[in-house]
Amino acid sequence: MYGFRIVDKLQKINEDIKPDQLKYHHKRVMVSKEFTFDSAHHLHCYEGKCKNLHGHTYKVIFGISGFVNDRGLMIDFGDIKEIWKKEIEIFLDHKYLNETLPPMNTTAENMVVWIYEKMAECLQDRKEQYVGARVEFVRLFETPTSYAEARREWMEVE
């Protein structure tokens, strides 16, 4: 009725596909992963509601590019999650950002650069593991309709 079927034969390595066939190409590719976190902050030298202590549910999206390894993977999504959890999120989730981030006004524009730098540093520390891996962009949503973005071409040139 729905066209569902179980495969006739599960593909097996070294029988149906050879290890040297796992890497299909030599092109740069980009993967993307997003996370959310909840934080409180307030802005300095700002006349408006955001000068008062308040919170957001932020969404951050990473675009990371590089070259695939012999298995056809550039970076495992689980590895991005591990970096996020252990190296970045610990400073952000359910924190008072004015206290946990370096001295800065905790605007989305400042925060997205800090997040970009942290991820770039983590990838650099693992450069033997991920071939040519680099952060292409980080997008930080402060609200569902408002975000700040840092892009590699801006970060490396300016």
Side-chain angles (χ1 to χ4, degrees), residues 2-4 22-158:
Y2 295 106
F4 175 81
L22 299 177
K23 182 176 182 174
Y24 176 74
H25 64 87
H26 297 276
K27 310 280 188 207
R28 178 174 286 278
V29 295
M30 183 172 67
V31 297
S32 187
K33 186 135 179 79
E34 69 179 58
F35 303 96
T36 59
F37 62 95
D38 297 296
S39 300
H41 76 135
H42 70 94
L43 299 181
H44 299 284
C45 301
Y46 182 83
E47 287 306 317
K49 293 192 296 187
C50 294
K51 72 179 178 182
N52 298 312
L53 181 62
H54 65 284
H56 299 282
T57 296
Y58 290 91
K59 178 170 75 171
V60 62
I61 303 173
F62 293 98
I64 299 170
S65 78
F67 299 96
V68 297
N69 61 20
D70 291 340
R71 294 181 300 153
L73 286 171
M74 191 277 290
I75 186 171
D76 190 284
F77 290 114
D79 292 349
I80 299 170
K81 181 178 180 179
E82 182 178 339
I83 292 169
W84 166 255
K85 289 280 187 194
K86 291 183 176 178
E87 307 289 340
I88 304 170
E89 184 190 53
I90 57 172
F91 297 99
L92 303 171
D93 191 40
H94 286 81
K95 303 292 184 183
Y96 171 48
L97 299 174
N98 298 71
E99 182 178 73
T100 60
L101 292 179
M104 68 170 78
N105 212 5
T106 53
T107 63
E109 297 90 335
N110 279 339
M111 290 171 56
V112 75
V113 170
W114 181 84
I115 294 168
Y116 179 103
E117 290 171 344
K118 290 294 282 184
M119 180 58 81
E121 176 185 309
C122 291
L123 292 177
Q124 181 63 30
D125 290 346
R126 295 162 175 81
K127 66 182 173 187
E128 302 301 320
Q129 190 175 356
Y130 311 118
V131 181
R134 65 188 188 200
V135 180
E136 294 295 337
F137 73 87
V138 176
R139 187 174 289 166
L140 177 66
F141 283 83
E142 189 172 270
T143 71
T145 60
S146 304
Y147 68 87
E149 185 168 276
R151 296 183 187 173
R152 180 183 53 80
E153 58 266 28
W154 302 336
M155 300 293 287
E156 292 180 1
V157 175
E158 301 175 319

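Residue numbers start at 1 and run along the sequence shown.
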Indicate yes or no: at least one non-hydrogen side-chain atom of [X] is less than 4.5 angstrom from one of [Y].
{"X": "Val112", "Y": "Val138", "result": "yes"}
{"X": "Trp114", "Y": "Ile88", "result": "yes"}
{"X": "Glu149", "Y": "Leu140", "result": "no"}
{"X": "Tyr58", "Y": "Leu97", "result": "yes"}
{"X": "Ile75", "Y": "Leu123", "result": "yes"}
{"X": "Tyr116", "Y": "Arg151", "result": "no"}
{"X": "Leu53", "Y": "Asn98", "result": "no"}
{"X": "Leu22", "Y": "Asn69", "result": "no"}

How many angstroms lie between [atom1] in [X] and [atom2] in [Y], if you round to the nearest 0.5 Å?
{"X": "Met111", "Y": "Thr106", "atom1": "CE", "atom2": "OG1", "answer": "6.5 Å"}
{"X": "Thr100", "Y": "Phe91", "atom1": "OG1", "atom2": "CZ", "answer": "8.0 Å"}
{"X": "Glu82", "Y": "Cys122", "atom1": "CD", "atom2": "SG", "answer": "10.0 Å"}
{"X": "Phe35", "Y": "Lys85", "atom1": "CZ", "atom2": "NZ", "answer": "8.0 Å"}
{"X": "Ser39", "Y": "His94", "atom1": "OG", "atom2": "NE2", "answer": "8.0 Å"}
{"X": "Asp76", "Y": "Gln129", "atom1": "CG", "atom2": "CD", "answer": "9.5 Å"}

I need the minimum non-hydrogen distance between [X] and [Y], along with the two atoms involved.
{"X": "Met155", "Y": "Ala150", "result": "SD-CB, 4.1 Å"}
{"X": "Phe137", "Y": "Ser32", "result": "CZ-OG, 4.1 Å"}
{"X": "Arg152", "Y": "Val135", "result": "CB-O, 3.2 Å"}
{"X": "His26", "Y": "Phe67", "result": "O-CD2, 3.8 Å"}
{"X": "Ile83", "Y": "Met119", "result": "CG2-SD, 3.7 Å"}
{"X": "His42", "Y": "Asn105", "result": "O-OD1, 4.3 Å"}

Steps toward side chain to side chain contact (heavy atoms under 4.5 Å, CB included) verdict (Ile61, Lys33):
CA-CA 6 Å; Ile61 303 173; Lys33 186 135 179 79; over 6 Å; no

Stepwise side chain to side chain contact (heavy atoms under 4.5 Å, CB included) check, Val60 with Trp84:
CA-CA 10 Å; Val60 62; Trp84 166 255; 3.5 Å; yes

Hey, is NZ on Lys81 packed in by over 12 heavy atoms from elsewhere, all under 6.0 Å?
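Not more than 12 within 6.0 Å, no.
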
Could you tell me whether Asp70 atom CG has more than 12 heavy atoms of other residues or ligands within 6.0 Å of it?
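No, CG of Asp70 has 12 or fewer neighbouring heavy atoms, counting only those of other groups under 6.0 Å.
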
What I want to check is whether the side chains of Asp79 and Tyr130 have a donor and an acceptor closer together than 3.5 Å.
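The answer is yes; a qualifying pair exists.
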
Just by distance, with hydrogens left out, do His54 and His41 show a side-chain donor and acceptor under 3.5 Å apart?
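Distance-only check passes for His54 and His41.
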
How far apart are the C-alpha atoms of Arg134 and Glu136, what are their side-chain angles, what is the distance that settles it, and do they pass the salt bridge (charged side-chain N to carboxylate O under 4.0 Å, His left out) test?
CA-CA 6 Å; Arg134 65 188 188 200; Glu136 294 295 337; 2.6 Å; yes

Check ion pair Lys95-Glu99 (N to O, under 4.0 angstrom)
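Between Glu99 and Lys95 there is no salt bridge, as every charged N stays at least 4.0 Å from the carboxylate O atoms.
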
With Lys59 as the cation and Phe141 as the aromatic partner, state whether NZ or CZ is under 6.0 Å from the six-membered ring centre and within 45° of the axis.
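Satisfied, under 6.0 Å and within 45°.
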
Can you tell me if Asp93 uses its side chain to pair, donor with acceptor, with the backbone of Asp38 under 3.5 Å?
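Yes, because the side chain of Asp93 sits within donor-acceptor range (under 3.5 Å) of the backbone of Asp38.
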
Could you tell me whether a side-chain N or O of Arg28 sits under 3.5 Å from a main-chain N or O of Gly132, the two making a donor and an acceptor?
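Yes, Arg28 side chain to Gly132 backbone: donor-acceptor pair under 3.5 Å.
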
Before giving the answer on side chain to side chain contact (heavy atoms under 4.5 Å, CB included), spell out for Leu43 and Asn52 the whole-Å C-alpha distance, their side-chain angles and the decisive distance to 0.1 Å.
CA-CA 7 Å; Leu43 299 181; Asn52 298 312; over 6 Å; no

